[in-house]
Number of protein chains: 2
Amino acid sequence: MGALGSGCLDDLEGGAKWEEEATDLLASEAERALSIEEAVKALLQGLGEDHEREGLRRTPHRVAEAFRGGTRGYKQKAKDIVQGALFPEAGLNPGVGHAGGVGGLVVVRDINLFSYCESCLLPFSIKCHVGYVPSGGRVVGLSKLSRVADVFARRFQDPKRLASEVCAALQYSINPAGVAVSLQCWHMKFSHLCDSNFTHSTISDMQSWGTVLASSRSGVFKEGKNSLWDDFTSLLKVSGAIIEGGDTNHSHVSSWCPSRSLEVPMSNGDCARNFKNEKTSSTTAVSQASMVAAVASILHSLGEDTSRKELLGTPYRYVQWLLNFKSYNWGLDLNSLDICKVSSCVLKDGNVDSKNEMKTELSIPFFSLCEHHLLPFHGVVHIGYLTKQEGIYIERSALQQMVHFFACKLQVQERLTRQIAEAVYSNLNDGVMVVVEAHHNCMISRGIEKVGSNTATIAALGQFSSDPNTKAFFLQAIASNATSGV
Amino acid sequence: MGALGSGCLDDLEGGAKWEEEATDLLASEAERALSIEEAVKALLQGLGEDHEREGLRRTPHRVAEAFRGGTRGYKQKAKDIVQGALFPEAGLNPGVGHAGGVGGLVVVRDINLFSYCESCLLPFSIKCHVGYVPSGGRVVGLSKLSRVADVFARRFQDPKRLASEVCAALQYSINPAGVAVSLQCWHMKFSHLCDSNFTHSTISDMQSWGTVLASSRSGVFKEGKNSLWDDFTSLLKVSGAIIEGGDTNHSHVSSWCPSRSLEVPMSNGDCARNFKNEKTSSTTAVSQASMVAAVASILHSLGEDTSRKELLGTPYRYVQWLLNFKSYNWGLDLNSLDICKVSSCVLKDGNVDSKNEMKTELSIPFFSLCEHHLLPFHGVVHIGYLTKQEGIYIERSALQQMVHFFACKLQVQERLTRQIAEAVYSNLNDGVMVVVEAHHNCMISRGIEKVGSNTATIAALGQFSSDPNTKAFFLQAIASNATSGV
């Protein structure tokens with residue numbers, strides 16, 4: 001049963017206790033949803049946004065829906081899912097071997113899941129592999145292994161506990177000879193956010209992400225020579241999965257979430273005081289304290305126990321993440337201070353270039369926050385520009401800073417693309433083209449869950465908008481860069 | 001608007017007409033579901049199955065749910081989905097270029113969808129790419145492009161019409177400057193089923209599948225020099241998509257579904273007579289005619305117009321597909337006639353082999369039908385065996401026939417694995433191990449939609465079950481084979 005004794009199973013099975021407590025305070029689902037929406041409005045205000053403006057008007061509703069969908073696992077029970085999907089299946093004579101309903105290993109590999117990190121509330125992605133050895137002449141419908149894993153992914157989690165809970169719940173609900181669970185998890189490293197120098201170079205590159213492997217096992221998978229665990233890992237290797245060794249069961253992964261490096265006030269209640277002690281204006285401090293209180297109320301509305309130790313600093317950490325995207329009155333005047341800062345280091349007469357040569361800076365990475373869902377989107381920006389002035393070009397670092405400036409806001413990809421193009425064009429107005437490629441968490445972790453889908457947007461100005469050949473030449477440069485894997 | 005005039009949009013928008021007609025005959029959703037379940041029972045009877053046996057007892061319910069979920073698009077309207085997700089977004093000054101809410105191309109790539117083939121009712125998989133050019137200073141929420149595509153995928157379709165309908169519906173509901181849709185579609189080639197000689201060698205290999213590219217475009221994507229269509233295709237190439245040229249809009253793909261090569265009776269009503277004219281017993285003919293009638297009733301219950309020309313032969317074709325999996329009293333005695341036929345050509349004293357050498361036959365392809373959902377699962381079988389008798393081995397073709405024999409039934413993967421192992425063991429009883437790797441349509445095209453997930457099962461007999469090293473050696477052989485890509 002892994003780290004969880006059987007005494008934990010009542011908690012496991014639906015977090016019923018938390019739900020009861022929450023029910024005392026909030027009469028209905030609708031009231032809970034409204035309470036989350038109010039809290040999201042408070043967060044938007046803390047970010048300096050007008051939650052009544054068109055793009056944000058329904059954001060509280062969408063965020064509430066995303067949180068409720070993303071934590072629906074608190075209301076689900078593995079037993080209910082497995083019930084009615086246990087099928088009698090003959091097994092071999094035990095003297096002969098193992099197969100079928102008695103002793104034959106069954107593994108479902110490469111199940112894509114999403115969960116919310118209990119340390120920072122950001123989604124993390126999971127490739128989940130589940131194996132079990134049937135017993136008692138019964139097999140379970142294959143899709144149920146995936147569904148049960150999803151029940152526990154749809155809660156606030158960390159990888160180790162997720163593996164343990166899925167393992168324990170399958171052992172409890174199916175009662176097989178044993179269960180093995182192996183997870184590969186990816187968490188975005190948002191320390192990047194602050195220095196704009198992180199290095200992933202294609203939109204699919206997850207190498208710079210925090211990765212962790214976690215596993216859990218029960219019954220025959222824990223036995224002596226571990227031959228069944230070895231069979232399980234062999235079958236995962238066949239399908240190309242990277243998996244953890246057999247001995248790291250139940251250890252804690254402290255370095256997993258990057259927000260863990262933040263120093264957190266002793267308790268959520270201390271936040272206001274802590275903020276006030278900082279050298280910020282007292283208005284800001286109060287605002288941040290109310291944001292932390294808003295996040296705590298969201299957790300409570302979702303049926304979570306905000307006093308459990310793993311969640312103690314979570315509201316504070318989530319607010320710190322959000323504040324990376326605080327609005328600074330951007331967009332009012334594209335030639336204002338912020339842009340000038342960028343363009344002042346932009347123009348440099350180093351190399352002598354021939355007239356109207358196209359310059360390209362490809363795969364500039366970025367992180368941004370979708371203003372419709374308060375979920376991250378991230379990817380790369382490709383910038384091409386023309387200049388008739390000799391010796392003029394823009395340093396990559398200046399473009400990186402500019403991309404970072406426009407990305408670190410509540411954004412939509414279409415606007416981000418246009419703003420970058422306009423900012424470059426305001427300095428070099430012969431022609432500019434910007435292509436942004438991004439993965440949107442709101443497309444893959446909630447609702448439609450279209451894993452692998454991604455979005456490309458184009459802005460074309462000056463000669464790029466009037467001459468198809470110039471545009472085609474730049475698009476070709478991007479394609480060559482993508483296939484060369486640089 | 002592509003092939004669809006605006007007059008078609010009422011039909012497009014929810015197939016409301018069909019639904020009204022159907023409503024006259026069937027009062028409620030529950031009644032429709034029950035009617036489908038009854039029809040599925042008739043199909044199971046036609047396949048010679050006892051629909052009361054444990055594994056099949058809830059199959060009619062599951063199949064009805066899968067069909068209703070898979071065709072939910074008939075009840076959805078693109079307008080409803082897009083409504084509330086149109087956001088004001090500034091665009092550039094038209095003299096300067098194109099970007100943002102006016103004229104900047106937006107593309108969502110690599111959306112995984114599933115649809116049902118209107119010719120044979122089998123699911124086919126789709127990689128969908130959608131682009132549009134905003135106008136009027138409004139952009140649509142990115143996820144809506146995927147959701148609208150899903151509305152039309154969740155109907156009985158063929159690729160060309162799917163592309164046209166998605167394009168027309170987006171044009172109609174968003175009213176942008178233009179819409180571009182490009183689809184890559186994969187349909188299983190079940191001609192394979194009948195000769196057991198098809199050649200895909202890994203479970204992910206879709207090269208032997210029927211593939212078709214389809215596209216549709218409206219507005220600015222149809223204009224003169226086609227520069228916007230070229231931009232769209234360039235952006236797809238960047239992400240590695242294979243796409244169709246610009247000129248094949250709206251042509252019909254007649255060779256797409258392999259069942260199209262079947263000669264179909266003039267009308268569904270003629271089926272009974274047609275079956276009777278065949279040289280089959282009249283009992284069989286009547287049974288097949290009632291199966292065809294059952295499928296027609298399922299289509300009707302789902303709100304389809306069974307008289308539309310694309311569906312005329314569909315019930316007949318679907319029944320022909322199902323009959324590939326008809327039960328022949330298998331499993332009563334594993335040493336009976338059918339197995340002997342296999343084993344008679346199995347033993348052959350050709351090459352002289354050393355004692356207890358392990359023989360392996362890897363990646364034998366198969367197709368089977370999941371008895372819980374009446375949906376296909378397919379993959380590869382790996383067989384390893386030991387023999388103390390010198391010069392004894394089993395020809396690959398004999399193993400292929402045996403795999404084919406056990407797969408061409410209503411099956412579950414666990415049982416298939418065990419039956420193959422037992423059949424080999426009954427002839428060579430020193431040790432046998434079977435590993436089956438499969439993709440299950442029931443896991444990816446309905447309900448949980450876990451694209452990419454796959455299942456591996458093991459049966460180990462004799463020395464393979466008692467000696468971990470022997471088992472590990474065989475698993476290693478499979479892994480080496482997988483990584484070498486053979």
Side-chain angles (χ1 to χ4, degrees), chain A residues 54-55 58 84 87-89 92 96-100 104-112 139 141-143 146-147 225 227 230-231 234-235 237-239 372 412 414-415 417-418 421 440 442-443 447-448 450 452-462 464-465 468 471-472 475 478-479 482, chain B residues 54-55 58 84 87-89 92 96-100 104-112 139 141-143 146-147 225 227 230-231 234-235 237-239 372 412 414-415 417-418 421 440 442-443 447-448 450 452-462 464-465 468 471-472 475 478-479 482:
Chain A
E54 194 83 27
R58 297 193 76 234
F87 302 99
E89 196 60 49
L92 292 169
V96 178
H98 310 290
L105 177 58
V106 177
V107 182
V108 176
R109 304 178 293 200
D110 299 326
I111 305 165
N112 290 313
V139 298
L142 295 171
S143 66
S146 171
R147 282 190 197 276
K225 283 180 180 172
S227 78
D230 292 344
D231 293 355
S234 292
L235 286 179
K237 280 173 194 158
V238 167
S239 80
H372 300 152
V412 298
E414 295 88 339
R415 190 189 308 146
T417 313
R418 175 178 61 77
H440 287 249
C442 56
M443 288 280 286
I448 54 172
K450 292 300 179 192
S453 76
N454 60 87
T455 302
T457 44
I458 290 182
L461 291 82
F464 285 97
S465 75
K471 191 158 59 170
L475 288 169
I478 297 172
Chain B
E54 194 82 27
R58 298 193 74 234
F87 302 99
E89 195 60 48
L92 293 168
V96 178
H98 311 290
L105 177 58
V106 177
V107 181
V108 177
R109 303 178 294 199
D110 300 326
I111 304 165
N112 290 311
V139 299
L142 296 171
S143 65
S146 170
R147 283 190 196 276
K225 285 180 179 173
S227 78
D230 292 343
D231 294 354
S234 292
L235 286 179
K237 280 173 194 158
V238 167
S239 80
H372 300 151
V412 297
E414 295 88 339
R415 190 189 307 146
T417 313
R418 174 178 61 78
H440 287 249
C442 55
M443 287 280 286
I448 53 171
K450 290 300 176 194
S453 75
N454 61 87
T455 302
T457 44
I458 290 183
L461 292 81
F464 284 97
S465 74
K471 191 158 61 171
L475 288 169
I478 297 171

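Worth saying up front: this structure is predicted, and the values here are computed from it rather than measured. Numbers restart at 1 for each chain; the letters A, B, ... are given by sequence-line order, proteins then strands. Note that these values count all heavy atoms, side chains included, but never hydrogens, waters or copies made by symmetry.
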Stepwise, does the side chain to side chain contact (heavy atoms under 4.5 Å, CB included) test hold for Leu142(A) with Glu414(B)? CA-CA 10 Å; Leu142(A) 295 171; Glu414(B) 295 88 339; 3.7 Å; yes

Considering non-hydrogen atoms only, spot the tightest contact between [X] and [Y] and give its length.
X	Y	result
Ser234(B)	Leu475(A)	CB-CD1, 3.8 Å
Pro468(A)	Ser227(B)	CB-CB, 3.9 Å
Ala482(B)	Val238(A)	CB-O, 3.8 Å
Gly84(A)	Arg58(B)	O-NH1, 4.1 Å

What part of [X] gets closer than 4.5 Å to chain A, counting heavy atoms only: side chain, backbone, both or neither?
X	value
Ala456(B)	both
Val139(B)	side chain
Lys471(B)	side chain
His372(B)	side chain

Quick check on Leu235(A) against chain B: is it the side chain, the backbone, both or neither that has a heavy atom closer than 4.5 Å? side chain

Choice from [options] maximising heavy atom contacts with chain A below 4.5 Å:
options	answer
Val106(B), Leu461(B), Val107(B)	Val107(B)
Val412(B), Thr417(B), Ile458(B)	Ile458(B)
Ser239(B), Ala472(B), Ala479(B), Ala460(B)	Ala460(B)

